[in-house]
Amino acid sequence: MKFFTSLLLAVQAGIHCALAQDDTVIYTDSASGIVFNTWAPSPSVTVGLALPSNALTTDATEFIGMITCQGKGWCGVSMGGGMNENLLLLVYPQDGAVLTSLRWAENYQLPGLYTGDAKLTQVSSAVNSTHYSVIFRCQNCFQWQQGTSEVGKVSTSEGYLVLGWCFATASPGGASCPNTLTVQQHATQGLFAAPLTDAVVHSEYPAWAAKATSVVTGKC
Ligand code: HEM
Ligand SMILES: *[C@@H]1O[C@H](CO)[C@@H](O)[C@H](O)[C@H]1NC(C)=O
């Protein structure tokens, strides 16, 4: 009995830990009014999500995202968790703007360009002495296709996502043009679970998505 009690306690402690790790912080962007569920899988990276109102029953294909990272290097997320064969988003500050590049990797080397039909448009971005941050709409970003055979998706109706993150302190090479830049391997990386609850879906989604009007391409 004693054994089972301690086993139960250990299991409960474990569950607690997992929940703590996934703690969601609600953040409202004051300029746009967009409300995000945010997760900070690392002290250097915060990721926020806002989803269409029916995303918990019908798989969303798009989202409004926020990424805030420390420093002046670059950071990224993987929509499917792992680096390989999932849609990747690379983000970095450049000349006061925040540039983005959708990428695809088949191995743990410099990811090439994503060639599917995802579309990213920005609501706003901010760069200061310690952080860079971008709020964006990503259409066709919860499903992906690279070439003719590589297809994948995540299901928001399952009630959680497993996302990947990475963080680098060095700036990309050729940073003026996001589609031709090069990066070295990130310094830190990992996976995190993002439980999707009623708080992450919003009837205001269409109005918020309509604010994502900026196509920020850099100088290519
Ligand atoms: C030259 C460029 C890159 C190299 C050499 C590289 C290499 C690696 C390696 C070796 C790992 C495994 C680390 C470990 O398990 O200890 C890893 C993980 C990861 N990378 Fe990269 N990476 C690069 C660029 C990127 C980019 C651009 C992104 C996203 C925008 C990214 C996202 C991730 C994520 C999310 C993980 C953790 C999940 C996983 O292990 O699959 N990486 N990377
Ligand atoms: C810089 O931006 C970050 C993230 O947006 C914010 O938390 C921080 O307070 C800002 N710092 C200053 C000095 O404005």
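Whatever order the structure lists them in is the order used to number ligands and atoms, beginning at 1.
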- prompt: Within the structure, does Q184 bring an N/O atom to less than 3.5 angstrom of an N/O atom in ligand 1?
  reply: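 The answer is no, given that Q184 and ligand 1 share no N or O pair closer than 3.5 Å.
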
Mark up the atoms of ligand 1 that fall under 4.0 Å of a heavy atom belonging to [X], in ascending order.
X    : answer
W74  : 24 (C), 25 (C), 26 (C), 27 (C)
L89  : 30 (C)
V183 : 1 (C), 2 (C)
G164 : 35 (C)
L90  : 27 (C)
G81  : 35 (C), 38 (C)
L110 : 1 (C), 2 (C)

Side chains of Q70 and T130, donor plus acceptor under 3.5 Å: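 There is no such pair (donor and acceptor under 3.5 Å, judged by atom type) between the side chains of Q70 and T130.
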
- request: Compute whether any side-chain donor of one residue and acceptor of the other, for D29 and S32, lie under 3.5 angstrom apart.
  value: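 Yes - a donor-acceptor pair under 3.5 Å links their side chains.
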
task: Please step through side chain to side chain contact (heavy atoms under 4.5 Å, CB included) for the pair K211 and I135, ending with a clear verdict.
output: CA-CA 10 Å; K211 295 175 191 261; I135 293 175; over 6 Å; no

Nearest non-hydrogen atom to [atom] belongs to which of [options]?
atom                    : options              : value
atom 4 (C) of ligand 1  : Q185, E85, R103      : Q185
atom 35 (C) of ligand 1 : F192, W104, W165     : W165
atom 28 (C) of ligand 1 : C166, A168, G76, P41 : C166

Could you find the nearest protein heavy atom to [atom] and give me its residue, atom name and distance?
atom                    : answer
atom 5 (O) of ligand 2  : T68 CG2, 4.1 Å
atom 8 (C) of ligand 1  : Y108 CD2, 3.5 Å
atom 16 (O) of ligand 1 : Q189 NE2, 3.6 Å
atom 6 (C) of ligand 2  : N128 ND2, 4.2 Å

message: For E106, is the CD atom crowded, meaning more than 12 foreign heavy atoms sit under 6.0 Å from it?
response: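 Atom CD in E106 is packed in, count exceeds 12.
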
message: So for atom CG, which belongs to D198, do other residues, nucleotides or ligands contribute more than 12 heavy atoms lying within a distance under 6.0 Å?
response: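 Result for CG/D198: open.
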
- request: Verify the contact flag for atom 9 (O) of ligand 2, where contact means a protein heavy atom under 4.0 Å away.
  value: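 Flag for atom 9 (O) of ligand 2 set to false, no protein heavy atom closer than 4.0 Å.
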
task: List every atom of ligand 2 that sits less than 4.0 Å from any heavy atom of H131, numbering the atoms from 1 in the order shown and giving each element.
output: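 Selected atoms, number and element: 2 (O), 3 (C), 4 (C).
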
message: Run C69 and C75 through disulfide bond (SG atoms under 2.5 Å apart) and show every step you take.
response: CA-CA 7 Å; C69 297; C75 61; 2.0 Å; yes

message: Using modelled atom types and a 3.5 Å cut-off, is there a donor and acceptor pairing between side-chain atoms of N37 and backbone atoms of T24?
response: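 Not a single qualifying donor-acceptor pair exists.
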
message: Quick one, M83 and Q109 - any side-chain contact, counting heavy atoms below 4.5 Å?
response: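 Heavy-atom side-chain distance check fails, nothing below 4.5 Å.
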
- prompt: Between SD of M83 and NE2 of H186, what angle is found at atom 21 (Fe) of ligand 1, rounded to 10 degrees?
  reply: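 Vertex at atom 21 (Fe) of ligand 1: approximately 180°.
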
message: Against W74, only a single residue in P93, C166, S171 fulfils side-chain contact (heavy atoms from CB on, under 4.5 Å); can you say which?
response: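 It is C166, the one option of P93, C166, S171 that forms the side-chain contact (heavy atoms from CB on, under 4.5 Å) with W74.
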
field: Partner of I67 under side-chain contact (heavy atoms from CB on, under 4.5 Å), chosen from L89, T100, T46, T38
entry: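 Result for side-chain contact (heavy atoms from CB on, under 4.5 Å) with I67: L89.
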
- request: Please work out which of the three classes, parallel, tilted or perpendicular, describes the rings of F63 and F136, given edges at 30° and 60°.
  value: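 Taking F63 first and then F136, their aromatic rings stand perpendicular (interplane angle over 60°).
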
